[in-house]
Structure formats: C-alpha cells, structure tokens
Amino acid sequence: MVKLHDLQFVPFISEEEIGTAIDKVSAGLNQDLANKNPLFIGVLNGAFIFASEVLKRFDYDCEISFVKLASYEGTETTHEVKELVGLGEEVTGRTVVILEDIVDTGNTIEVLIEMLVEKGCLTYKIATLFYKPEAYTKKININYIGIEIPNRFIVGYGLDYKGLGRNLTEVYQLKPNDMTNLVLFGPPGAGKGTQAEVLKQKYNLVHISTGDVFRYNIKNETELGTLAKSYIDKGQLVPDEVTINMLNAEVDKNQEAKGFIFDGFPRTEAQADSLDKLLESKGAMVSAMVALEVDDEVLVQRLLERGKTSGRPDDADEKVIRNRIKVYYDETAILKNYYQKQDKYFGVDGVGGIDEITERLSSVIDKL
Ligand code: AMP
C-alpha cells in the first residue's frame, strides 16, 4: 500500500501487465505505420513514461513532441481542458499519433483533435495505455488501447494524484473502502427520518437529511435557505445543482465517517449519479437503497397528523402534501429502477410499529 497526500492506494496493475499492454500497442503501431514517418505527440505530464516506452519499441523513422493540457484536479475530472504548452511542430500532411496515458471522459482527446485539425492535420491516430469505457463520452475512435479499466481513480506509471505517484513502477488504485452507505428511500411520510435516527445509532453511521439541512438554513435565514424556501413551500424539488453542492459539503464535513445514511437524497437521477461519483472518489459506493413502502392515503394521514406538531408548513396543507407525493412518483420513484439495475434495491413494508420496521430494515442491512 502507498499513501499519497491524504489517500491510500493499493496495487492494481503489475509492471508485467503494463509491459505486455505496451508491447501490444507498439505492435499495432509498427504494423500500421511502417515507413509513414509518424509524429508522436505525448500528452504531458502523465504520458511521458508510456511515450518513451512506445518510442523504444517503434522500429521505423519517427519524431516525437509533447503538448501539455490539464483537465484533472484531485480525483475528479473537471470539464474544462486548458492548453498549457502548445504544439510547435508542423502537422499539415503528417501522420500524427497521440500518446495518452489514460482516456477517461475523452475531453482532453477532443480538444487535442480540434487543435490538430485546426493546424491542418488530416491523419491522426490515438494510442492510450489505459482506457475507461464506462467514463468515455465522446464518439472519437481510440485506435490503440493498452488496458481497459473500470471507472476507478488510478496512480503510478506516469499518473499522479495531486502531483505525487508518477514514479511508481506499477499502477495503484484507491484503497477500497468498507464504508456502509445507505440510501433510505420512500415517499414523504414513509418514516425515513424516524428510522434513520434509530439506524444511525445502531450502525454508527452519519445521518444526512437534505430536508433537515434545508430547514436549518431556512430557520437561520441563510442565502441557501432563502433560495430553497420558495421550492419547499410548494412541495417542489430544490434544483439539483443547489442540492448536490449542499450534500457534497455535508459529506465533506464528516471525513472520518464509517458510513452515511442518506435520507431524502438522491431524489433525481442526476443526484444519484453525483452521489456515485462522490463516494467513488472516496473509494466507496452506495451499499444499498432501502425503501419504505407505504400506501398513499396512509402517507397523507400521517403527514397531516405530523403537521399538527412538526411546525412544518409543508406538512400542514393537504394540497402541498399531495404535491410532494406526486413529485415523488413523477421524479423520484425512477431511482428504484436505478438501484434495482445494480441489485441494490430492497423494499421494506413501512406500515407497523417503529421497532417492527427497524427489525425489517436491519434484516436487510445485516446481510450487506
Ligand atoms: P423532506 O424533509 O425530505 O421531506 O424534504 C422537504 C423538502 O425539501 C422537499 O419537498 C424538497 O422541496 C426539499 N428537498 C429535500 N431533499 C431534496 C433533494 N434531494 N432534492 C431536491 N429537493 C429536496
């Protein structure tokens, strides 16, 4: 295991496997580009080792140059790609081979190809040591791929985490984390808050209720509270961007947590995607969605009853309650599908005594 800054990494791909992958890429290049006098362009900083290994294995006349772009900050890709060192070489009429250490979303490749085409390059090929098919979002064909990897953050063999790790001779991945992260799911009034209070004690987890965080902000008249209030009062969802940023900040406040109970989040697919990314950057994932299933009319009665004492304006008005339930079915219930596809959905009957329901939830959680 190696520690780079605040994160721990464990071995993932051996030097030998990397060597075999580079042999394969180089064999393809030798076969396709014999006597074409290609111009290799290495993408700095990450590709410097791969570029040198490919060059050593290329048997014909060739040239090499480098460009420097940046799209990574920490372990999450940012969308902007900046050109830091430009391309000085003449590329008109030449066969150019881009050498990448890793193709992730494809943003860097897209920008590079645009740059090349603008400079008059008509024939280009792309060779990469690592490729993440699940993360790739572009149509551009990657001609030579060393190793396909799942959507994980890796370091070593030229790749870094905040500047460190490039000198590792094999590739490491973020240490998988044994956090338990539960998405507590169900329509408004299903009893998520009540059960979360019990489960967080029982399993030593941090409970984050986005509804509670919004209400805290409304009470304290923060900017976020003012913004959220207009939506909450009508029983509508607060926009994703606002909610996601808030959730990320709440998770960040609990660096040492053994796991989380997410209550009221995610409520949209965009939120579910962002939660996956956030946990993945910690080497963790959603363990399960446990859903409390309760009949609509029971929900309305429960919420009206709760409204007598909760002080929540969105509990006091039957129209708003019915809208919250409708929003749940229109916008949120699709998440059942999202987690079902990953075999992570567990429905639990949410009608009965509190202890009885806790039992039902625990029997799911204990098996995870
Ligand atoms: P809750 O306490 O979970 O019933 O949430 C109360 C209200 O806060 C909801 O009706 C929404 O207006 C807002 N809210 C809570 N969580 C979210 C979320 N994940 N996305 C959007 N809006 C939310």
Side-chain angles (χ1 to χ4, degrees), residues 181-200 206-253 260-279 286 289-294 296 298-339 350 361:
N181 294 303
L182 304 175
V183 172
L184 198 51
F185 198 62
K192 299 188 293 288
T194 309
Q195 291 300 329
E197 282 307 310
V198 184
L199 295 175
K200 80 168 189 194
V206 173
H207 172 209
I208 299 180
S209 154
T210 39
D212 284 350
V213 182
F214 281 132
R215 283 185 287 278
Y216 176 85
N217 278 277
I218 292 172
K219 195 167 135 220
N220 290 286
E221 296 177 352
T222 66
E223 206 177 310
L224 175 66
T226 316
L227 177 70
K229 191 173 184 326
S230 55
Y231 298 94
I232 294 179
D233 284 350
K234 289 186 221 117
Q236 295 167 351
L237 295 187
V238 177
D240 278 339
E241 203 193 326
V242 177
T243 312
I244 288 169
N245 287 339
M246 181 185 86
L247 190 276
N248 289 358
E250 289 297 312
V251 169
D252 266 356
K253 281 186 205 159
F260 292 92
I261 299 176
F262 298 102
D263 159 11
F265 189 96
R267 266 172 150 105
T268 63
E269 197 157 328
Q271 292 181 14
D273 283 337
S274 89
L275 183 61
D276 281 350
K277 288 212 182 82
L278 177 71
L279 293 176
V286 170
M289 165 182 267
V290 275
L292 292 167
E293 294 164 345
V294 181
D296 288 1
V298 177
L299 295 172
V300 175
Q301 289 318 311
R302 275 190 190 176
L303 289 171
L304 282 170
E305 197 53 40
R306 182 170 85 181
K308 291 180 189 162
T309 53
S310 72
R312 282 179 56 170
D314 61 345
D315 282 350
D317 181 340
E318 186 166 337
K319 261 209 327 259
V320 175
I321 289 176
R322 290 203 183 269
N323 192 45
R324 284 160 63 200
I325 297 174
K326 181 175 180 312
V327 167
Y328 173 79
Y329 286 110
D330 289 352
E331 299 178 44
T332 306
I334 48 154
L335 290 182
K336 176 175 174 178
N337 209 349
Y338 184 95
Y339 289 101
L361 292 169

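Note that ligands are numbered from 1 as they come in the structure, with each ligand's atoms numbered from 1 the same way.
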A.B. asks: With sequence neighbours excluded, tell me which residues meet side chain to side chain donor-acceptor pair (under 3.5 Å) with R322.
C.D. replies: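 Side chain to side chain donor-acceptor pair (under 3.5 Å) check on R322 returns E297, E318.
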
A.B. asks: Can you tell which part of T243 has a heavy atom less than 4.0 Å from ligand 1: side chain, backbone, both or neither?
C.D. replies: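 It is the side chain that touches ligand 1; the backbone stays farther off.
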
A.B. asks: Assess R215 for proximity to ligand 1: is some non-hydrogen atom of it under 4.0 Å away?
C.D. replies: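 True for this residue.
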
A.B. asks: Looking only at distance, does Q236 have an N or O less than 3.5 Å from an N or O of ligand 1?
C.D. replies: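 The answer is yes, given that Q236 and ligand 1 share an N or O pair closer than 3.5 Å.
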
A.B. asks: Ignoring hydrogens, just give me the one of D315, T210, V238, N323 whose non-hydrogen atom is nearest atom 16 (N) of ligand 1.
C.D. replies: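 The residue whose heavy atom sits nearest atom 16 (N) of ligand 1 is T210.
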
A.B. asks: Would you say that R302 contacts V294 through its side chain, given a criterion of any heavy-atom pair below 4.5 Å between the two side chains?
C.D. replies: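 Yes - at least one pair of side-chain heavy atoms lies under 4.5 Å apart.
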
A.B. asks: Using heavy-atom distances only, which candidate in K229, R267, R324 approaches atom 1 (P) of ligand 1 most closely?
C.D. replies: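 Of the listed residues, R267 has the closest heavy atom.
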
A.B. asks: What protein heavy atom sits nearest atom 20 (N) of ligand 1, and how far away is it?
C.D. replies: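 Sorting protein heavy atoms by distance from atom 20 (N) of ligand 1 puts Q271 NE2, 2.9 Å first.
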
A.B. asks: For ligand 1 and G264, I'd like to know whether there is a polar contact (N/O to N/O, distance under 3.5 Å).
C.D. replies: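 Indeed, backbone or side chain, G264 has an N or O that close.
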
A.B. asks: Can you sort out the partners of Y328 under ring-ring contact (aromatic ring centres under 6.0 Å, His included), two or more places apart, ordered by chain and number?
C.D. replies: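 Here the qualifying residues are F185.
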
A.B. asks: When you measure from atom 23 (C) of ligand 1 to every protein heavy atom, which one gives the shortest distance, and what is it?
C.D. replies: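 Closest protein heavy atom to atom 23 (C) of ligand 1: F214 CE1, 3.8 Å.
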
A.B. asks: Of the non-hydrogen atoms in L184 and K192, which two are nearest, and what is the gap between them?
C.D. replies: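 Looks like CD2-O, 3.2 Å.
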
A.B. asks: Does this structure show an ion pair linking K253 with E250, if we count only N-O contacts that are shorter than 4.0 Å?
C.D. replies: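 Salt bridge: yes.
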
A.B. asks: Salt bridge check, K319 against D317: does any charged N sit closer than 4.0 Å to a carboxylate O?
C.D. replies: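 Answer for the salt bridge query: no.
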
A.B. asks: For a 4.5 angstrom cut-off between non-hydrogen side-chain atoms, does F214 reach T243?
C.D. replies: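 Side chain of F214 against side chain of T243, heavy atoms only: contact under 4.5 Å found.
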
A.B. asks: Which ligand 1 atoms are under 4.0 Å away from a heavy-atom of R312?
C.D. replies: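 Those of ligand 1 that fall under 4.0 Å from R312 are 1 (P), 2 (O), 4 (O), 6 (C).
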
